[in-house]
Amino acid sequence: MTVVHDLFGGRVGPVILSILVILSAVTVAVFFVARNHCSLELRQRVRSWWIIVGLFLIGAMLNATVAMIFFGLISYLALKEYFTLIPTRRTDRRIIFYAYLSIVFQYWFAGMRWYGMFIIWIPVYLFLLLPFRQVLIGETRGFLENTARVQWGLMMFVFSLSHLAYMITLGPVAGSGVGGRELVLYLVLLTELNDVLQYVWGKTLGRHRIVPRVSPNKTVEGFLGAFFSISLLAVLLAFLTPFTWYEALFAGMFISASGFIGDVVVSMVKRDIGVKDSGNLLPGHGGILDRIDSLIYTAPLFFHYVYYLYY
Amino acid sequence: MLKTLFFLLLVRPLVLLVCGINVRGRRYLPDRGPCIIAANHNSHLDTLVLMSLFPVTKVCRVRPVAAADYFLKNRLLAWFALELIGIIPISRRPTRKDGHPLAMVHEALQQEQIVIIFPEGSRGEPERLAPFKKGVAHLVRTLPEVDVVPVYLHGAGRSLPRGEALLVPFIIDVRIGPPLRYAGQGHARFVAELHDAICRLEQSIRGGTTDDQGTGHDI
(Lines give C-alpha, C1' and ligand atoms only; values in the text may rest on other atoms or scores of the structure.)
Protein backbone atom coordinates (compact mmCIF):
# COMPACT_ATOMS: atom_id res chain seq x y z
CA MET A 1 0.00 0.00 0.00
CA THR A 2 2.78 2.40 0.89
CA VAL A 3 4.36 1.73 -2.51
CA VAL A 4 1.13 2.71 -4.26
CA HIS A 5 0.85 5.76 -2.04
CA ASP A 6 4.46 6.78 -2.68
CA LEU A 7 4.20 6.41 -6.45
CA PHE A 8 0.72 7.70 -7.09
CA GLY A 9 0.27 10.23 -4.28
CA GLY A 10 1.57 13.78 -4.02
CA ARG A 11 2.61 15.83 -7.02
CA VAL A 12 4.44 13.04 -8.79
CA GLY A 13 1.30 10.85 -8.80
CA PRO A 14 -0.58 12.36 -11.73
CA VAL A 15 2.62 12.56 -13.79
CA ILE A 16 3.56 8.91 -13.18
CA LEU A 17 -0.01 7.86 -13.91
CA SER A 18 0.03 9.81 -17.19
CA ILE A 19 3.32 8.17 -18.21
CA LEU A 20 1.83 4.71 -17.63
CA VAL A 21 -1.40 5.59 -19.46
CA ILE A 22 0.45 7.01 -22.49
CA LEU A 23 2.84 4.04 -22.60
CA SER A 24 -0.14 1.66 -22.41
CA ALA A 25 -1.82 3.48 -25.28
CA VAL A 26 1.36 3.25 -27.36
CA THR A 27 1.66 -0.44 -26.52
CA VAL A 28 -1.92 -1.15 -27.62
CA ALA A 29 -1.29 0.80 -30.83
CA VAL A 30 1.99 -0.93 -31.66
CA PHE A 31 1.07 -4.48 -30.64
CA PHE A 32 -2.58 -4.69 -31.66
CA VAL A 33 -4.05 -1.88 -33.76
CA ALA A 34 -1.18 -1.25 -36.18
CA ARG A 35 0.73 -4.49 -35.64
CA ASN A 36 1.38 -5.09 -39.33
CA HIS A 37 2.79 -1.60 -39.91
CA CYS A 38 5.23 -1.74 -37.03
CA SER A 39 8.70 -3.20 -37.27
CA LEU A 40 10.06 -5.74 -34.84
CA GLU A 41 12.47 -3.08 -33.68
CA LEU A 42 9.68 -0.69 -32.73
CA ARG A 43 7.98 -3.43 -30.73
CA GLN A 44 11.27 -4.24 -28.99
CA ARG A 45 11.69 -0.57 -28.17
CA VAL A 46 8.24 -0.30 -26.63
CA ARG A 47 8.89 -3.43 -24.58
CA SER A 48 12.20 -1.99 -23.41
CA TRP A 49 10.50 1.29 -22.49
CA TRP A 50 8.25 -0.62 -20.08
CA ILE A 51 11.32 -2.12 -18.44
CA ILE A 52 13.07 1.27 -18.27
CA VAL A 53 10.01 3.01 -16.79
CA GLY A 54 9.40 0.17 -14.33
CA LEU A 55 13.01 0.08 -13.15
CA PHE A 56 13.13 3.86 -12.87
CA LEU A 57 9.96 4.06 -10.77
CA ILE A 58 11.10 1.30 -8.40
CA GLY A 59 14.75 2.30 -8.43
CA ALA A 60 14.59 6.07 -8.21
CA MET A 61 11.17 7.12 -6.97
CA LEU A 62 10.61 5.02 -3.82
CA ASN A 63 13.54 5.39 -1.47
CA ALA A 64 16.65 7.58 -1.41
CA THR A 65 19.03 4.76 -0.44
CA VAL A 66 17.69 2.50 -3.17
CA ALA A 67 18.08 5.44 -5.57
CA MET A 68 21.80 5.74 -4.74
CA ILE A 69 22.29 2.05 -5.56
CA PHE A 70 20.13 2.36 -8.69
CA PHE A 71 22.00 5.35 -10.13
CA GLY A 72 25.32 3.83 -9.03
CA LEU A 73 24.50 0.68 -11.00
CA ILE A 74 23.61 2.74 -14.06
CA SER A 75 26.96 4.52 -13.80
CA TYR A 76 28.68 1.15 -13.48
CA LEU A 77 26.94 -0.35 -16.52
CA ALA A 78 27.61 2.78 -18.60
CA LEU A 79 31.26 2.98 -17.59
CA LYS A 80 31.71 -0.72 -18.35
CA GLU A 81 30.18 -0.25 -21.80
CA TYR A 82 32.53 2.68 -22.40
CA PHE A 83 35.63 0.80 -21.23
CA THR A 84 34.65 -2.16 -23.40
CA LEU A 85 34.44 0.13 -26.44
CA ILE A 86 37.69 2.05 -26.02
CA PRO A 87 41.10 0.54 -26.69
CA THR A 88 43.00 -0.21 -23.49
CA ARG A 89 46.43 -1.56 -22.67
CA ARG A 90 46.89 -4.45 -20.30
CA THR A 91 48.57 -2.11 -17.83
CA ASP A 92 45.45 0.10 -17.77
CA ARG A 93 43.54 -2.63 -15.96
CA ARG A 94 44.68 -1.21 -12.63
CA ILE A 95 43.43 2.34 -13.14
CA ILE A 96 40.23 1.02 -14.69
CA PHE A 97 39.70 -0.96 -11.52
CA TYR A 98 40.13 2.26 -9.50
CA ALA A 99 37.67 3.98 -11.81
CA TYR A 100 35.03 1.33 -11.06
CA LEU A 101 35.78 1.54 -7.36
CA SER A 102 35.35 5.32 -7.32
CA ILE A 103 31.66 4.88 -8.25
CA VAL A 104 30.92 3.48 -4.80
CA PHE A 105 32.48 6.51 -3.12
CA GLN A 106 30.86 9.05 -5.44
CA TYR A 107 27.36 7.73 -4.71
CA TRP A 108 28.16 7.29 -1.05
CA PHE A 109 29.13 10.98 -0.83
CA ALA A 110 25.92 11.86 -2.69
CA GLY A 111 23.85 9.71 -0.31
CA MET A 112 25.33 11.35 2.78
CA ARG A 113 24.91 14.78 1.17
CA TRP A 114 28.57 15.72 1.59
CA TYR A 115 28.45 18.32 -1.14
CA GLY A 116 32.10 19.45 -0.99
CA MET A 117 33.45 15.94 -1.39
CA PHE A 118 30.81 14.95 -3.95
CA ILE A 119 31.78 17.84 -6.20
CA ILE A 120 35.59 17.36 -6.08
CA TRP A 121 36.03 13.60 -5.65
CA ILE A 122 36.36 12.83 -9.35
CA PRO A 123 37.48 16.18 -10.86
CA VAL A 124 40.22 16.68 -8.23
CA TYR A 125 41.13 13.56 -6.26
CA LEU A 126 40.73 10.90 -8.96
CA PHE A 127 42.27 13.32 -11.47
CA LEU A 128 45.38 13.48 -9.30
CA LEU A 129 45.40 9.84 -8.22
CA LEU A 130 45.10 8.03 -11.57
CA PRO A 131 48.30 9.46 -13.14
CA PHE A 132 50.17 8.62 -9.93
CA ARG A 133 48.99 5.02 -10.13
CA GLN A 134 50.21 4.95 -13.74
CA VAL A 135 53.63 6.10 -12.54
CA LEU A 136 53.78 3.18 -10.12
CA ILE A 137 53.01 0.78 -12.97
CA GLY A 138 55.68 2.47 -15.04
CA GLU A 139 54.39 1.93 -18.59
CA THR A 140 55.20 5.25 -20.26
CA ARG A 141 53.95 4.59 -23.79
CA GLY A 142 50.37 5.74 -24.28
CA PHE A 143 50.26 7.26 -20.79
CA LEU A 144 48.62 10.52 -21.80
CA GLU A 145 45.94 9.04 -24.09
CA ASN A 146 44.98 6.28 -21.72
CA THR A 147 44.84 8.34 -18.55
CA ALA A 148 42.79 10.96 -20.41
CA ARG A 149 40.37 8.33 -21.72
CA VAL A 150 39.74 6.89 -18.29
CA GLN A 151 39.32 10.31 -16.64
CA TRP A 152 36.95 11.41 -19.40
CA GLY A 153 34.81 8.31 -18.87
CA LEU A 154 34.68 9.00 -15.15
CA MET A 155 33.59 12.60 -15.72
CA MET A 156 30.87 11.61 -18.18
CA PHE A 157 29.40 8.45 -16.76
CA VAL A 158 30.03 8.81 -13.04
CA PHE A 159 30.46 12.48 -12.15
CA SER A 160 27.82 13.93 -14.48
CA LEU A 161 25.28 11.19 -13.92
CA SER A 162 25.67 11.23 -10.14
CA HIS A 163 24.09 14.71 -10.08
CA LEU A 164 20.77 12.89 -10.45
CA ALA A 165 21.54 10.99 -7.26
CA TYR A 166 22.55 14.11 -5.35
CA MET A 167 19.45 15.91 -6.60
CA ILE A 168 17.18 13.21 -5.18
CA THR A 169 18.53 13.85 -1.69
CA LEU A 170 17.63 17.57 -1.84
CA GLY A 171 15.00 18.49 0.73
CA PRO A 172 11.79 20.39 0.03
CA VAL A 173 12.17 23.99 -1.08
CA ALA A 174 10.66 26.32 1.52
CA GLY A 175 7.12 27.33 0.61
CA SER A 176 6.74 25.12 -2.48
CA GLY A 177 6.40 21.57 -1.12
CA VAL A 178 8.57 20.03 -3.84
CA GLY A 179 11.94 18.41 -3.34
CA GLY A 180 14.48 16.14 -4.98
CA ARG A 181 12.13 13.41 -6.11
CA GLU A 182 9.90 15.79 -8.07
CA LEU A 183 12.92 17.53 -9.60
CA VAL A 184 14.48 14.24 -10.76
CA LEU A 185 11.20 13.10 -12.30
CA TYR A 186 10.85 16.48 -14.05
CA LEU A 187 14.38 16.35 -15.46
CA VAL A 188 14.40 12.69 -16.52
CA LEU A 189 10.94 12.91 -18.08
CA LEU A 190 11.78 16.05 -20.09
CA THR A 191 15.17 14.67 -21.19
CA GLU A 192 13.78 11.35 -22.38
CA LEU A 193 10.76 12.99 -24.03
CA ASN A 194 13.17 15.34 -25.78
CA ASP A 195 14.90 12.31 -27.34
CA VAL A 196 11.58 10.79 -28.38
CA LEU A 197 10.23 14.09 -29.76
CA GLN A 198 13.40 14.79 -31.74
CA TYR A 199 12.88 11.43 -33.37
CA VAL A 200 9.15 11.93 -33.96
CA TRP A 201 9.51 15.49 -35.35
CA GLY A 202 12.48 14.39 -37.41
CA LYS A 203 10.56 11.46 -38.90
CA THR A 204 7.54 13.58 -39.81
CA LEU A 205 9.11 16.87 -40.94
CA GLY A 206 12.85 16.22 -41.11
CA ARG A 207 14.61 17.56 -44.23
CA HIS A 208 17.87 19.20 -43.25
CA ARG A 209 20.57 17.30 -41.44
CA ILE A 210 21.93 19.16 -38.46
CA VAL A 211 25.26 17.38 -37.83
CA PRO A 212 25.62 15.09 -40.89
CA ARG A 213 29.10 13.86 -40.09
CA VAL A 214 28.34 12.87 -36.51
CA SER A 215 24.75 11.70 -36.49
CA PRO A 216 23.12 11.45 -39.92
CA ASN A 217 19.61 10.81 -38.52
CA LYS A 218 19.37 14.10 -36.65
CA THR A 219 17.60 16.95 -38.41
CA VAL A 220 17.11 20.67 -37.85
CA GLU A 221 13.34 20.14 -37.90
CA GLY A 222 13.59 17.38 -35.26
CA PHE A 223 15.72 19.58 -33.05
CA LEU A 224 13.49 22.65 -33.34
CA GLY A 225 10.26 20.66 -32.98
CA ALA A 226 11.55 19.07 -29.78
CA PHE A 227 12.95 22.38 -28.55
CA PHE A 228 9.58 24.15 -28.71
CA SER A 229 7.58 21.13 -27.47
CA ILE A 230 9.88 20.61 -24.48
CA SER A 231 9.90 24.31 -23.62
CA LEU A 232 6.10 24.22 -23.51
CA LEU A 233 6.01 20.95 -21.54
CA ALA A 234 8.54 22.33 -19.08
CA VAL A 235 6.12 25.18 -18.26
CA LEU A 236 3.12 22.82 -18.05
CA LEU A 237 4.97 20.47 -15.68
CA ALA A 238 6.36 23.32 -13.56
CA PHE A 239 4.20 22.16 -10.64
CA LEU A 240 6.93 19.54 -10.07
CA THR A 241 9.40 22.36 -9.40
CA PRO A 242 9.65 25.56 -7.39
CA PHE A 243 10.05 27.50 -10.69
CA THR A 244 8.12 30.53 -11.88
CA TRP A 245 6.83 30.14 -15.44
CA TYR A 246 9.80 31.89 -17.02
CA GLU A 247 12.30 29.90 -14.95
CA ALA A 248 10.58 26.72 -16.16
CA LEU A 249 10.63 27.98 -19.75
CA PHE A 250 14.36 28.59 -19.57
CA ALA A 251 14.87 25.15 -17.96
CA GLY A 252 12.96 23.50 -20.83
CA MET A 253 15.04 25.38 -23.38
CA PHE A 254 18.40 24.35 -22.00
CA ILE A 255 17.27 20.79 -21.21
CA SER A 256 16.27 20.34 -24.84
CA ALA A 257 19.40 21.93 -26.29
CA SER A 258 21.89 20.27 -23.93
CA GLY A 259 20.13 16.90 -24.21
CA PHE A 260 20.77 17.10 -27.93
CA ILE A 261 24.43 17.93 -27.30
CA GLY A 262 24.86 14.97 -24.93
CA ASP A 263 23.38 12.69 -27.54
CA VAL A 264 25.75 13.81 -30.30
CA VAL A 265 28.79 13.85 -27.99
CA VAL A 266 28.26 10.15 -27.23
CA SER A 267 27.77 9.64 -30.99
CA MET A 268 31.20 11.24 -31.47
CA VAL A 269 32.69 8.55 -29.21
CA LYS A 270 30.99 5.81 -31.19
CA ARG A 271 32.09 7.30 -34.53
CA ASP A 272 35.64 7.65 -33.23
CA ILE A 273 35.73 3.96 -32.32
CA GLY A 274 33.69 2.93 -35.36
CA VAL A 275 30.65 1.23 -33.84
CA LYS A 276 27.00 1.90 -34.37
CA ASP A 277 25.54 0.88 -31.02
CA SER A 278 27.32 0.92 -27.71
CA GLY A 279 25.93 -2.45 -26.68
CA ASN A 280 22.83 -4.58 -26.63
CA LEU A 281 21.59 -4.31 -23.07
CA LEU A 282 18.22 -2.85 -24.10
CA PRO A 283 16.71 -4.58 -27.15
CA GLY A 284 15.73 -1.98 -29.75
CA HIS A 285 17.63 0.78 -27.92
CA GLY A 286 21.23 -0.34 -28.27
CA GLY A 287 23.34 -0.10 -25.16
CA ILE A 288 22.84 1.85 -21.98
CA LEU A 289 25.07 4.68 -23.27
CA ASP A 290 22.55 5.25 -26.06
CA ARG A 291 19.82 5.71 -23.47
CA ILE A 292 21.58 7.93 -20.91
CA ASP A 293 23.67 10.04 -23.31
CA SER A 294 21.40 13.08 -23.06
CA LEU A 295 21.22 12.89 -19.26
CA ILE A 296 24.99 13.25 -19.10
CA TYR A 297 24.57 16.87 -20.19
CA THR A 298 21.18 17.73 -18.74
CA ALA A 299 21.78 16.35 -15.22
CA PRO A 300 24.66 18.57 -14.08
CA LEU A 301 23.32 21.66 -15.87
CA PHE A 302 19.83 21.31 -14.40
CA PHE A 303 21.23 20.44 -10.97
CA HIS A 304 23.35 23.58 -10.77
CA TYR A 305 20.50 25.71 -12.12
CA VAL A 306 18.19 24.52 -9.32
CA TYR A 307 20.96 24.55 -6.74
CA TYR A 308 21.90 28.12 -7.55
CA LEU A 309 18.32 29.40 -7.58
CA TYR A 310 16.81 27.57 -4.59
CA TYR A 311 19.39 25.89 -2.32
CA MET B 1 22.95 -29.60 -6.14
CA LEU B 2 26.02 -27.75 -4.88
CA LYS B 3 27.04 -27.05 -8.47
CA THR B 4 23.59 -25.66 -9.33
CA LEU B 5 23.61 -23.37 -6.28
CA PHE B 6 27.17 -22.25 -7.01
CA PHE B 7 26.17 -21.26 -10.53
CA LEU B 8 22.88 -19.65 -9.49
CA LEU B 9 24.30 -17.55 -6.65
CA LEU B 10 27.86 -16.79 -7.73
CA VAL B 11 28.77 -17.58 -11.31
CA ARG B 12 25.70 -16.23 -13.08
CA PRO B 13 25.67 -12.90 -11.20
CA LEU B 14 29.41 -12.59 -11.90
CA VAL B 15 29.13 -13.37 -15.60
CA LEU B 16 25.82 -11.68 -16.40
CA LEU B 17 25.86 -8.60 -14.15
CA VAL B 18 29.43 -7.84 -13.09
CA CYS B 19 30.90 -8.56 -16.53
CA GLY B 20 27.90 -8.79 -18.84
CA ILE B 21 27.77 -10.84 -22.02
CA ASN B 22 26.69 -9.99 -25.54
CA VAL B 23 25.60 -13.16 -27.34
CA ARG B 24 25.00 -13.59 -31.08
CA GLY B 25 23.87 -16.88 -32.59
CA ARG B 26 22.21 -18.30 -29.49
CA ARG B 27 19.95 -20.34 -31.79
CA TYR B 28 22.89 -22.65 -32.58
CA LEU B 29 23.27 -23.61 -28.95
CA PRO B 30 21.97 -27.16 -28.33
CA ASP B 31 19.42 -27.60 -25.58
CA ARG B 32 20.57 -31.16 -24.90
CA GLY B 33 23.59 -33.38 -25.32
CA PRO B 34 25.49 -35.14 -26.63
CA CYS B 35 27.33 -32.14 -27.98
CA ILE B 36 30.78 -30.57 -28.00
CA ILE B 37 31.27 -26.84 -27.52
CA ALA B 38 34.64 -25.81 -28.97
CA ALA B 39 35.90 -22.34 -28.06
CA ASN B 40 39.05 -20.23 -28.01
CA HIS B 41 40.69 -19.91 -24.62
CA ASN B 42 42.19 -16.81 -23.00
CA SER B 43 40.93 -16.72 -19.47
CA HIS B 44 39.53 -18.74 -16.59
CA LEU B 45 36.33 -16.79 -17.24
CA ASP B 46 35.82 -18.60 -20.57
CA THR B 47 34.52 -21.76 -18.91
CA LEU B 48 32.19 -19.82 -16.61
CA VAL B 49 30.83 -17.76 -19.51
CA LEU B 50 30.18 -20.83 -21.66
CA MET B 51 28.47 -22.63 -18.79
CA SER B 52 26.31 -19.58 -18.03
CA LEU B 53 24.88 -19.74 -21.56
CA PHE B 54 22.88 -22.78 -20.45
CA PRO B 55 19.87 -22.61 -18.11
CA VAL B 56 20.86 -23.16 -14.51
CA THR B 57 18.75 -26.33 -14.34
CA LYS B 58 20.92 -27.88 -17.06
CA VAL B 59 24.30 -26.77 -15.81
CA CYS B 60 24.94 -30.16 -14.17
CA ARG B 61 24.96 -31.74 -17.63
CA VAL B 62 27.63 -29.32 -18.94
CA ARG B 63 31.17 -30.57 -18.38
CA PRO B 64 34.33 -28.65 -19.28
CA VAL B 65 37.39 -30.65 -20.22
CA ALA B 66 40.38 -29.40 -18.22
CA ALA B 67 44.02 -30.24 -17.61
CA ALA B 68 44.46 -32.63 -14.68
CA ASP B 69 47.99 -31.39 -13.90
CA TYR B 70 46.68 -27.82 -13.36
CA PHE B 71 43.30 -28.34 -11.74
CA LEU B 72 44.09 -31.36 -9.59
CA LYS B 73 47.39 -30.07 -8.25
CA ASN B 74 46.11 -29.58 -4.71
CA ARG B 75 43.10 -30.85 -2.79
CA LEU B 76 41.25 -27.55 -2.48
CA LEU B 77 41.52 -26.74 -6.17
CA ALA B 78 40.61 -30.33 -7.05
CA TRP B 79 37.47 -30.16 -4.90
CA PHE B 80 36.53 -26.83 -6.51
CA ALA B 81 37.16 -28.11 -10.05
CA LEU B 82 35.45 -31.48 -9.64
CA GLU B 83 32.54 -30.64 -7.32
CA LEU B 84 31.65 -27.04 -8.18
CA ILE B 85 32.61 -26.80 -11.84
CA GLY B 86 32.36 -30.50 -12.68
CA ILE B 87 35.39 -30.71 -14.95
CA ILE B 88 36.42 -33.83 -16.84
CA PRO B 89 40.13 -34.00 -16.00
CA ILE B 90 42.46 -35.12 -18.78
CA SER B 91 46.16 -35.74 -18.67
CA ARG B 92 48.28 -33.52 -20.91
CA ARG B 93 51.14 -36.07 -20.80
CA PRO B 94 49.38 -39.44 -20.96
CA THR B 95 51.22 -42.68 -20.24
CA ARG B 96 50.30 -46.12 -21.53
CA LYS B 97 48.94 -47.42 -18.25
CA ASP B 98 46.34 -44.59 -17.85
CA GLY B 99 44.35 -45.91 -20.80
CA HIS B 100 43.09 -43.56 -23.51
CA PRO B 101 43.34 -39.92 -22.33
CA LEU B 102 39.93 -39.03 -23.77
CA ALA B 103 38.10 -42.08 -22.37
CA MET B 104 36.22 -40.03 -19.77
CA VAL B 105 35.16 -37.43 -22.33
CA HIS B 106 33.92 -40.21 -24.55
CA GLU B 107 31.92 -41.61 -21.68
CA ALA B 108 30.37 -38.23 -20.86
CA LEU B 109 29.23 -37.84 -24.48
CA GLN B 110 27.70 -41.30 -24.43
CA GLN B 111 25.76 -40.19 -21.34
CA GLU B 112 24.38 -37.32 -23.48
CA GLN B 113 26.26 -34.61 -21.64
CA ILE B 114 27.43 -31.31 -23.14
CA VAL B 115 31.21 -31.17 -23.22
CA ILE B 116 33.24 -27.94 -23.42
CA ILE B 117 36.64 -28.26 -25.11
CA PHE B 118 39.28 -25.62 -25.73
CA PRO B 119 41.13 -27.00 -28.78
CA GLU B 120 44.01 -24.56 -28.26
CA GLY B 121 44.91 -26.73 -25.27
CA SER B 122 45.80 -23.83 -22.98
CA ARG B 123 45.06 -20.17 -22.33
CA GLY B 124 47.00 -18.25 -24.93
CA GLU B 125 47.68 -14.60 -25.58
CA PRO B 126 44.43 -12.60 -25.50
CA GLU B 127 42.70 -12.31 -28.89
CA ARG B 128 45.28 -14.48 -30.66
CA LEU B 129 44.19 -17.92 -31.84
CA ALA B 130 46.80 -20.64 -31.26
CA PRO B 131 47.01 -23.82 -33.42
CA PHE B 132 44.40 -26.43 -32.51
CA LYS B 133 45.05 -29.83 -31.00
CA LYS B 134 43.35 -32.85 -32.54
CA GLY B 135 41.40 -34.21 -29.56
CA VAL B 136 38.04 -33.02 -30.89
CA ALA B 137 38.55 -34.92 -34.14
CA HIS B 138 39.40 -38.11 -32.22
CA LEU B 139 36.12 -37.83 -30.34
CA VAL B 140 33.85 -37.18 -33.30
CA ARG B 141 35.48 -39.86 -35.40
CA THR B 142 34.19 -42.49 -33.02
CA LEU B 143 30.94 -40.58 -32.27
CA PRO B 144 30.05 -39.04 -35.66
CA GLU B 145 26.49 -38.15 -34.59
CA VAL B 146 27.81 -35.57 -32.10
CA ASP B 147 27.55 -31.90 -33.12
CA VAL B 148 30.56 -29.63 -32.61
CA VAL B 149 29.46 -26.04 -31.97
CA PRO B 150 32.17 -23.41 -32.61
CA VAL B 151 32.23 -20.45 -30.23
CA TYR B 152 34.43 -17.36 -30.23
CA LEU B 153 34.86 -15.43 -26.98
CA HIS B 154 36.18 -11.87 -26.98
CA GLY B 155 36.88 -9.75 -23.92
CA ALA B 156 37.34 -12.45 -21.28
CA GLY B 157 41.07 -12.20 -21.79
CA ARG B 158 40.78 -8.49 -21.01
CA SER B 159 38.74 -9.03 -17.84
CA LEU B 160 40.91 -11.76 -16.36
CA PRO B 161 44.04 -12.50 -18.42
CA ARG B 162 46.43 -15.30 -17.72
CA GLY B 163 48.70 -14.52 -14.79
CA GLU B 164 46.45 -11.85 -13.24
CA ALA B 165 44.39 -12.34 -10.11
CA LEU B 166 42.46 -9.04 -10.29
CA LEU B 167 39.19 -9.22 -12.21
CA VAL B 168 38.51 -5.96 -14.07
CA PRO B 169 35.07 -6.20 -15.72
CA PHE B 170 34.59 -5.69 -19.44
CA ILE B 171 31.61 -6.86 -21.47
CA ILE B 172 32.36 -10.24 -23.05
CA ASP B 173 31.31 -10.89 -26.64
CA VAL B 174 30.13 -14.42 -27.41
CA ARG B 175 29.69 -15.49 -31.04
CA ILE B 176 28.18 -18.91 -31.67
CA GLY B 177 28.38 -20.50 -35.12
CA PRO B 178 26.43 -23.28 -36.85
CA PRO B 179 27.38 -26.80 -35.67
CA LEU B 180 29.91 -28.94 -37.56
CA ARG B 181 29.79 -32.71 -38.02
CA TYR B 182 32.44 -35.26 -38.81
CA ALA B 183 31.81 -36.84 -42.22
CA GLY B 184 34.94 -38.90 -42.76
CA GLN B 185 37.09 -35.97 -43.90
CA GLY B 186 40.05 -37.02 -41.71
CA HIS B 187 41.46 -35.55 -38.48
CA ALA B 188 43.53 -32.76 -39.92
CA ARG B 189 40.76 -31.63 -42.27
CA PHE B 190 38.15 -31.57 -39.50
CA VAL B 191 40.38 -29.60 -37.14
CA ALA B 192 41.16 -27.13 -39.94
CA GLU B 193 37.44 -26.66 -40.63
CA LEU B 194 36.81 -26.02 -36.93
CA HIS B 195 39.68 -23.53 -36.85
CA ASP B 196 38.23 -21.74 -39.89
CA ALA B 197 34.77 -21.62 -38.31
CA ILE B 198 36.13 -19.98 -35.14
CA CYS B 199 38.27 -17.59 -37.22
CA ARG B 200 35.17 -16.51 -39.14
CA LEU B 201 33.38 -15.79 -35.86
CA GLU B 202 36.41 -13.79 -34.75
CA GLN B 203 36.32 -11.73 -37.95
CA SER B 204 32.59 -11.08 -37.49
CA ILE B 205 33.48 -9.25 -34.26
CA ARG B 206 36.42 -7.35 -35.73
CA GLY B 207 34.65 -6.28 -38.89
CA GLY B 208 31.37 -5.58 -37.11
CA THR B 209 29.48 -7.58 -39.76
CA THR B 210 26.92 -9.76 -38.08
CA ASP B 211 23.66 -11.33 -39.10
CA ASP B 212 21.63 -8.77 -37.18
CA GLN B 213 23.25 -5.37 -37.43
CA GLY B 214 22.40 -2.46 -35.20
CA THR B 215 20.53 0.42 -36.72
CA GLY B 216 21.82 3.44 -34.81
CA HIS B 217 19.40 4.21 -32.04
CA ASP B 218 17.96 7.62 -31.37
CA ILE B 219 14.99 7.06 -29.12
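All values reported here derive from a predicted model rather than from experimental measurement.
- B:Lys133 NZ: 12 or fewer foreign heavy atoms inside a 6.0 Å radius.
- Atom-to-atom distance recorded for A:Phe97:CZ and B:Leu167:CG is 8.5 Å, nearest 0.5 angstrom.
- Side-chain atoms of A:Arg93 do not come within 3.5 Å of backbone N or O of B:Glu164 as any donor-acceptor pair.
- A:Ile86 and B:Arg158 get closest at one heavy-atom pair: O-NH2, 2.7 Å.
- Within the 4.5 angstrom heavy-atom criterion, no atom of B:Ile172 approaches chain A.
- Contacts of A:Tyr100 with chain B are made by side-chain atoms alone, with heavy-atom separations under 4.5 Å and no backbone atom involved.
- With a 4.5 Å cut-off on non-hydrogen atoms, A:Thr88 touches chain B through its backbone and its side chain both.
- Heavy-atom pairs under 4.5 Å with chain B were tallied for A:Glu192, A:Arg94, A:Lys80; the largest tally goes to A:Lys80.
- Here the shortest heavy-atom pairing between A:Phe83 and B:Phe170 reads O-CE2, 3.5 Å.
- The contact list for residues 5-20 of chain B toward chain A, using heavy atoms and a distance under 4.5 Å, reads B:Leu17, B:Val18, B:Cys19, B:Gly20 by residue number.
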